[in-house]
Amino acid sequence: MSIKDLETRERLLSAASRLFAERGFAKVTVRDICRRARANVAAVNYHFHGKTGLYEEVLRSAIQTMRGTTEEAQRAGAGRAPAAQLEAFVAIFLQKVVEGRNSWIHQLMMHELSDPTPAFDLVVEQVLRPRMAYLTAIIASLIGCAEDDLRVARCVMSVQAQIHSLLVKNPIADRLVPERPVTVSGVSAIARHIARFSLAGIRATAAA
């Protein structure tokens, strides 16, 4: 592939990343992408075999970054007690999302959550499933049971619900709930709260 072809490919990826993040997959056309990338319409087929192939390539780039967040949480928790692992998991995940709240990756994922494409399976298998497996292992250790115990799944859901409530846009909550929207400086305190609140619930579940 020539240098000119490589440059065209990169421009297409850059333009598509921003447009898909702004509008979602369904509301972006190949012509929109090529116009912004200053490329011929045929270039999308040449490099990516169509709009879907281009979208999947954009998604793979986002997946690489998101997998890095899970790996960072695992490194931070390595060799530590499960309670400390849980707090590290929540803190790192919240910090990354809050710091990148206006990034194209975050915006793209919000579109995928509200209107999933077939390519969302890539996110589930390569990002969400490994992330949930790590959180599941932590909580199973805290309860002292097998990872497929239903109590573990319920606790995982509860932890995730607290985190997710801070990530989605909610203008009513932003007006009525203190510490919303979450700021970078406020992440540590909120992460500690979620971890402590969750630990209390997990221990109560284990004792029930």
Side-chain angles (χ1 to χ4, degrees), residues 9-30 32-33 36-37 44 47-77 85-86 88-140 147-148 152-170 181-182 187 191 194 198:
R9 189 178 190 277
E10 287 305 310
R11 289 203 309 275
L12 287 168
L13 281 170
S14 178
S17 298
R18 272 60 190 176
L19 284 168
F20 287 138
E22 289 168 12
R23 307 178 196 172
F25 177 78
K27 295 181 180 178
V28 176
T29 67
V30 169
D32 292 333
I33 295 166
R36 184 171 291 193
V44 171
H47 289 285
F48 304 102
H49 307 292
K51 176 184 166 183
T52 299
L54 174 53
Y55 184 74
E56 288 176 355
E57 193 63 27
V58 168
L59 210 53
R60 286 189 187 96
S61 177
I63 284 168
Q64 189 123 6
T65 298
M66 292 187 289
R67 287 177 66 177
T69 300
T70 302
E71 291 162 2
E72 184 176 340
Q74 290 171 323
R75 287 194 298 272
Q85 290 176 333
L86 178 63
F89 174 89
V90 174
I92 289 170
F93 184 61
L94 271 182
Q95 181 182 21
K96 293 294 182 184
V97 172
V98 171
E99 287 176 348
R101 188 160 39 201
N102 296 317
S103 72
W104 69 268
I105 293 176
H106 181 75
Q107 292 167 1
L108 186 69
M109 287 303 101
M110 291 299 102
H111 283 297
E112 275 293 344
L113 289 172
S114 62
D115 186 18
T117 69
F120 190 59
D121 287 345
L122 290 171
V123 179
V124 171
E125 294 304 320
Q126 297 183 31
V127 179
L128 301 181
R129 197 176 300 282
R131 186 175 289 169
M132 290 304 94
Y134 179 61
L135 181 57
T136 294
I138 292 172
I139 291 174
E147 292 181 12
D148 62 356
V152 176
R154 288 169 176 165
C155 289
V156 168
M157 176 182 65
S158 297
V159 173
Q160 283 297 110
Q162 293 177 81
I163 295 172
H164 187 68
S165 71
L166 298 170
L167 306 184
V168 296
K169 291 183 178 180
N170 186 330
V182 182
V187 164
I194 290 175
S198 300

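The first residue of the sequence shown is numbered 1, and numbering continues consecutively from there.
- Contact annotation: the side chain of Glu56 approaches that of Thr52 to within less than 4.5 Å [non-hydrogen atoms, C-beta and beyond].
- Nearest approach of Tyr134 to Ala73, heavy atoms of both residues: OH-O, 3.6 Å.
- A pairwise comparison of heavy atoms in Ala21 and Gln107 identifies O-CB, 3.6 Å as the closest pair.
- Under the 3.5 Å distance criterion, the side-chain polar atoms of Ser14 are left unmatched by any main-chain donor or acceptor of Glu10.
- To the nearest 0.5 Å, atoms OG1 (Thr136) and CD (Glu147) are separated by 6.5 Å.
- With contacts defined as side-chain heavy-atom distances shorter than 4.5 Å, the pair Thr69/Arg131 qualifies.
- Here Leu128 contributes atom CG and Arg67 contributes atom CZ; the two are 12.0 Å apart, rounded to the nearest 0.5 Å.
- The side-chain heavy atoms of Trp104 and Val58, taken from C-beta on, include a pair separated by under 4.5 Å.
- Side chains of Met109 and Met66 form a contact here, defined as non-hydrogen atoms less than 4.5 Å apart.
- Taking OG of Ser17 as the start and CZ of Arg36 as the end, the distance is 10.5 Å to the nearest 0.5 Å.
- Note that CG of Leu166 is 6.0 Å distant from CG of Leu94, once rounded to the nearest 0.5 Å.
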Please test Gln74 against Thr70 for side chain to side chain contact (heavy atoms under 4.5 Å, CB included), starting from the C-alpha separation and ending with a verdict. CA-CA 6 Å; Gln74 290 171 323; Thr70 302; 4.2 Å; yes
Working for side chain to side chain contact (heavy atoms under 4.5 Å, CB included), residues Leu86 and Leu135: CA-CA 7 Å; Leu86 178 63; Leu135 181 57; 3.7 Å; yes
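- Across all their heavy atoms, Gly100 and His106 have their closest contact at O-CB, 3.3 Å.
- Contact of the Leu13 side chain with the Ser61 side chain is not registered, since no non-hydrogen atoms from C-beta on lie closer than 4.5 Å.
- The two residues Val127 and Ile63 make their nearest non-hydrogen contact at CG2-CG2, 3.7 Å.
- Residue Ile33 holds its CD1 atom at 7.0 Å from NZ of Lys51, rounded to the nearest 0.5 Å.
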Stepwise side chain to side chain contact (heavy atoms under 4.5 Å, CB included) test for His111 and Lys27: CA-CA 11 Å; His111 283 297; Lys27 295 181 180 178; over 6 Å; no
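- For the pair Gly77 and Gln85, the tightest heavy-atom approach, listed with the atom from each and the gap, is O-NE2, 3.0 Å.
- In plain terms, the two heavy atoms of Ala191 and Ala91 that are nearest each other are CB-CA, 3.5 Å.
- Under the 3.5 Å distance criterion, the side-chain polar atoms of Lys96 are left unmatched by any main-chain donor or acceptor of Gly68.
- Side-chain contact between Glu112 and Phe25 is absent, with no heavy-atom pair separated by less than 4.5 Å.
- In this structure, Gln64 places its CD atom where only 12 or fewer heavy-atom neighbours from other residues, nucleotides or ligands lie under 6.0 Å away.
- Two residues are said to be in side-chain contact when any heavy atoms from C-beta on lie closer than 4.5 Å; Gln126 and Arg60 fail this criterion.
- In this structure, the side chains of Glu57 and Leu12 stay at 4.5 Å or more apart for every pair of heavy atoms.
- Between Leu59 atom CG and Leu54 atom CG the span is 11.0 Å, to the nearest 0.5 Å.
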